[in-house]
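These notes concern the structure reproduced below.
Proteins get letters first, then strands, A, B, ... in listed order; numbering begins at 1 in each.
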Amino acid sequence: MNWFIKRIGQGLFTVFAVATLTFVLVRTMPGSPSQRLASQIREQQPNMSTQEINAMVAQRIGVDPDRPLHEAYIEYMVNLAQGNLGESINYQEPVFDIIARALPWTAFVMTISLLFVFVMGLGLGAVMAYREGSRFDVGSSLIAIFLSSVPYYVAAVILIYVLAIELSAFPLSGRYPSDVEPGFTLAFVGGALYHAVLPAASFVITSWGGFALGMRGNSIQVLGQDYIRVAKLRGLTDRRIALRYVGRNAVLPMWTSFLITIGFMFGSSIILEEIFSYRGIGYYMFDSIDNRDYPVMMGTFLVITICVIVAVLIADMTYGKIDPRVEAGGDNEAY
Amino acid sequence: MSTHEPTRTNDARTHEVADPILEIRDAEVVFEMDRGVSRVLDNVSIDIERGEVLGIVGESGSGKSMLASAMLDAVVDPGILSGEITFHPPDGEPVDVLAQDQEGIRELRWEDISMVFQGAMSSFNPTMKVGGHFEETLKAHEYDVEAGMERARELLADLYLEPDRVLDSFAHELSGGMQQRALIALSLVLEPDVLVMDEPTAALDLLMQRSILALLEELKAKYDLTLVFITHDLPLIAELADRLAVMYAFELVEVADSDSILSRAVHPYTRSLLNATPNLDAPLSEMRPIEGSAPDPVNVPEGCSYHPRCPLADEECVSQDPGFRPTHTEDHLAACFHWEEASEAIPFNIEREVNDE
Ligand code: SF4
């Protein structure tokens, strides 16, 4: 139990540290975002006073250039704690609202991708292990190694070129068809899935191989264990041995890499969503860098970081629970 | 079969017992390898008597584990087992073990003949509680699970374990001795008649080994078991076993009552083995390791396979196979031309009392 509190504490501290870092960057870097923001506003509204401009900056990004460092910092952190991420310069609306609208779309693509990566990776990996050394095994291994070495953005560009531009089989960009009203209608959900195919495929094609090879290796190792032989002698069905013995023991060690992949996907969503003009959180982050929309930049950066931290934290905390071989706190001594 | 001549012409000389529970005839296991055929069990024939404790003794790589696996037709791929193994259930027709179909052999294993492996920890699924192993075994054999679990608890209690605690643990949460005892309980949950144990105590300390042997004695009496105990530790098993079979180079070289082997073993290998094994009573300086190394299964020496290491070896031993023969008594069999000279040539390094209890 103590251990859990410690891990959560570490996670919170990391979030805190990232928030502080964001603040420090925005506030103190030479030609800092706050100064740029101030000059941007000055350009747009030449007859505003410095004080008015500073007040506006404070409202936008929660960092008032005039306030003493510690006061500004406290205010910024308090704002953050309340979920106030400032206001976008470009879109003239709270950053929180922008992220709240974008995040579900990123999660949507990620969920589809992970589902396929996991099912394909584990399924193929297990079959490869059972047929170790066969032509199927060797062929799949080679393909898996090759595809895992292709960067996801290269796959994305190739998919766009072939399937969207040349063959026009899939939409080039967007989250859903422009002529459909958002809502829980078949047309909308179907359209959203249709638009998600290419971004998800870029992930799946380049990520399943790692899982397949991992699963293959783990399964081969498990298949050679004595307990498999004993299980066979005890007359258990092949099905039970494949699921409860080989499957379970081979998959559990991969739980961590599964959750870390989620973190990785959040990171890659920045470039991927830009390529597909897919308005998820990554798209807005890229866009904010382009437009020097600092509040959005800070907000998206913070949220993506938190998502990664949470994924890793869950991986850490659940691993001991899921796999009895790993002793979480060491409080489960053998007797 | 291949061009290989059966090296033991022991059909007539197999130690036959009055009421065998298992009859093994000409059991042979071969592996096809790149550098030739590896014969890891070479025409072994032996009877196992109902209710006895048979100790099978040999160095590692002598084929003793193969013999154990053969009894359940459980030789691992790509090994090929041939010969004849007959199981005589307490009631009903004899069962030809090697002629069973998949379902037949599935039922025979664990229900009639069960096995405990070396290394208890690695015999349990690390991500399943010990209790789950009992349940799934009962279910796989369509036994009544509730009654079976009751029996499991009793078995665990018989082995001085706390049933609920053990059933609710993962194997790695138990000590080595507890795992081994839990595994013994698991092997008995379907009430088999024969329990084959392959080095079940090898990983344990001396005290735990002895206490497990004592427990086995109790279990055997309570559950009417026939025990086949495979080990490299001759003195250890001699206390428990009624009869001993010594293996060398994938064959049996001497079979006799335990006492007879301990006091007047006639095969030079058995005698050296007795001298080589540490004994609490013998000073360390008296221990004499056997010189030379165990033979390669692809290339077993001609004639008597022990001749490269045997101090008594002569021309005859190099060219001809000695074959099993009765020695002091009709029941003390050994495969040696010069068994009569062995006790003089290889004296025991300690006095071994004849144990007449
Ligand atoms: S037959 Fe010859 S070589 Fe073999 S054990 Fe006897 S004396 Fe030694």
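For F124(B), the part lying near chain A is the backbone, with the side chain staying farther off; criterion is any non-hydrogen pair under 4.5 Å. The contact between L252(A) and chain B is made entirely by side chain atoms (from C-beta outward), counting heavy-atom distances below 4.5 Å.
The environment of CD in E103(B) is crowded: more than 12 heavy-atom neighbours from other residues, nucleotides or ligands sit within 6.0 Å. Taking a 6.0 Å sphere around CZ of F116(A), one finds it holds 12 or fewer heavy atoms contributed by other residues, nucleotides or ligands. The number of heavy-atom neighbours closer than 6.0 Å to NZ of K220(B), taken from other residues, nucleotides and ligands shown, is above 12. Atom CZ of R131(A) has 12 or fewer heavy atoms from other residues, nucleotides or ligands within 6.0 Å. In this structure, F136(A) places its CZ atom where more than 12 heavy-atom neighbours from other residues, nucleotides or ligands lie under 6.0 Å away. In the displayed structure, Y194(A) atom OH is contacted under 6.0 Å by more than 12 heavy atoms of other residues, nucleotides or ligands. Open room surrounds OH on Y153(A); 12 or fewer heavy atoms of other groups in view lie less than 6.0 Å from it. Within a 6.0 Å sphere centred on CG of D238(A), other residues, nucleotides and ligands contribute 12 heavy atoms or fewer.
A side-chain donor-acceptor contact under 3.5 Å links T127(B) and N249(A).
To the nearest 0.5 Å, atom CH2 of residue W110(B) and atom CG of residue L236(A) are 9.5 Å apart. Between the OG1 atom in T137(B) and the CG atom in L233(A) there is a gap of 11.0 Å [rounded to 0.5 Å].
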Steps toward side-chain contact (heavy atoms from CB on, under 4.5 Å) verdict (L186(B), R234(A)): CA-CA 10 Å; L186(B) 177 59; R234(A) 278 192 283 133; 4.0 Å; yes
Test side-chain contact (heavy atoms from CB on, under 4.5 Å) applied to V230(A) and F117(B), step by step: CA-CA 8 Å; V230(A) 177; F117(B) 287 90; 3.4 Å; yes
Residues S69(B), R229(A); criterion side-chain hydrogen bond (donor to acceptor under 3.5 Å, both in side chains); working and verdict: CA-CA 11 Å; S69(B) 301; R229(A) 185 172 176 222; 3.0 Å; yes
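Using a 4.0 Å cut-off between charged nitrogen and carboxylate oxygen, R244(A) and E136(B) do not count as a salt-bridge pair.
With R106(B) contributing its side chain and G235(A) its backbone, the two residues share a donor-acceptor pair below 3.5 Å.
Residues Y227(A) and P126(B) share a closest heavy-atom pair of CE2-CD, 3.3 Å.
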